[in-house]
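Some notes on the structure that comes next.
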Amino acid sequence: MRKHTSDLQTATRLTHAGRKGKSHHGPVNPPLVRASTMLFPDCAALKEANGTRRSYGRHATETTLALEEALCAAEGAAACMLTSSGLSAITTTLLALLNPGDHLLMVDTVYDPTRQFCDGLLKQHGIRTTYYDPLIGAGIAALIEPETRVVFVESPGSLTFEVQDIPAIAAAAHAADAVVVSDSTWATPIGWASFKLGVDVSIHAATKYIVGHSDALMGAILTNEALHQRIRDTYRQLGMSVGGDDAALALRGLRTMAARLAVHRDSAQQIARWLQQQPEVAEILYPPLEGTAGHALWKRDFRPEYACGLMGVVFRQDIVESQVAALIDRTQLFGIGFSWGGYESLILPTRPANYRTVKAESWQSPMLRLHVGLEAVPDLIADLRAGFSAMRELHYEEPVSIAD
Ligand SMILES: *Cc1c(COP(=O)(O)O)cnc(C)c1O
């Protein structure tokens, strides 16, 4: 296999990492290996392989090793562990790094199933969680307790897209001997230099842009060298593993991810600007767009060429839920569904206040989440225009106050 190719630019690395070098004579791609049992020619070979990752299909195959190598090269990680879903990558990491009696600082804008894990299994096992304001920055220091072992970040945050000051949070965490674990799904492995910003473990729902085609679930734990063995021990004890077919799909997705993200970003910028002009829209939550909340921090810490296509739309307070439903139902090109990161556009009504314990009151207006896919922008705008017409047609009691 080609070595980490860290001197090459991102798009080049994504197409070459985890593949054999120029002298290779054979297929472009690593083989798709479906394997449980590995065979050994004799007892000596068995003895040599025993305890290594080459001993059993759950630990590694040529396919999963190629994907791990490519993901490490993409983000500059020391090691990669693949799991069955993004959520299991998060739960495995937290179980590895937290013991009974420990304390976890969790961002309030975290993906809700992660919150359920903290309030469920972690709590049952005597691990306390405190949720913090995503905009806390260096103020995180005041929340760190002697038992705090992990500070968890997710930036931009789920549904509301707040950008966190990761270097400030990491400095405070490291000063207290805590580690920084990041759900980096929005950024993808190429959207920011996570490890340089102070992240110790970067987790991805590979389900989103890495697989990129809505046809497989997968998680990836990318770690620095210091935490690698500790997380791998837990990973192995929990029996985490991915199948060869899914690994091959993720590897295929990764090859085109840089090119796809450039299109998602351009289209999302255009759609966001169009949405800002609609009178029903109060705010667009898309940090890559100039003038939106979080843009300055985003510009400082993220790579502008690879922004993703996920954004929030906040409506005026007088817009009612049935109007938002009418908009959603009228569109034809925006599928209604959870998840995101595939080639297709998606639309979803959201209620962030239902999932927050810090500043929940900030989010009272009806909201949408949009995933801008790879369709042509004029078609997407025409579709949204039809949606807004449906919203406007809907008969409702006009509040007296909007006389202007
Ligand atoms: C989708 C998602 C996950 C979970 O990924 P799955 O593969 O669906 O388990 C975790 N974090 C974020 C931010 C997500 O969007």
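Just so you know, these numbers use all the heavy atoms, side chains as well, and skip hydrogens, waters and symmetry mates. Owing to the predicted nature of the structure, the values given are computational and were not obtained by experimental measurement. Both counts, for ligands and for their atoms, begin at 1 and track the order of listing.
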In terms of the angle between their ring planes, are Tyr209 and His264 parallel, tilted or perpendicular, with boundaries placed at 30° and 60°? perpendicular
Please tell me if the side chains of Met38 and Thr61 come closer than 4.5 Å, counting only heavy atoms from C-beta onward. yes
In this structure, atom 9 (O) of ligand 1 is nearest to the protein heavy atom Leu87 N, 2.9 Å
re atom 5 (O) of ligand 1, the protein heavy-atom contact at minimum distance is Ala205 CB, 3.2 Å
Carboxylate-amine/guanidinium proximity below 4.0 Å for Arg351 and Glu321: yes
For Tyr131, does the six-membered ring have the charged nitrogen or CZ of Arg115 within the cation-pi criterion, i.e. under 6.0 angstrom from the centroid and within 45° of the normal? yes
If you have a sec, work out which protein heavy atom is nearest atom 7 (O) of ligand 1 and how many Å separate them, to one decimal? Thr207 OG1, 2.5 Å
May I ask you to identify the nearest protein heavy atom to atom 6 (P) of ligand 1, giving residue, atom name and distance to one decimal place in Å? Gly86 N, 3.4 Å
Numbered in order shown, the ligand 1 atoms found under 4.0 Å of a heavy atom of Glu154 are 13 (C)
Starting from atom 15 (O) of ligand 1, find the nearest protein heavy-atom neighbour and note its residue, name and distance. Lys208 NZ, 2.6 Å
Has ligand 1 got any nitrogen or oxygen that is less than 3.5 angstrom from a nitrogen or oxygen of Trp340? yes
Would you call Arg53 and Glu68 a salt bridge, using N to O less than 4.0 angstrom? yes
Parallel, tilted or perpendicular: which one describes the rings of Phe302 and Trp298, with boundaries at 30° and 60°? parallel
For ligand 1, which atoms, with element, lie under 4.0 Å from some heavy atom of Ser85? 7 (O), 9 (O)
Do any nitrogen or oxygen atoms of Leu217 lie less than 3.5 angstrom from nitrogen or oxygen atoms of ligand 1? no
Considering only non-hydrogen protein atoms, determine which one is nearest to atom 11 (N) of ligand 1 and report residue, atom name and distance to 0.1 Å. Asp183 OD2, 2.6 Å
Do Pro189 and Ile210 touch side chain to side chain, with heavy atoms closer than 4.5 Å? yes
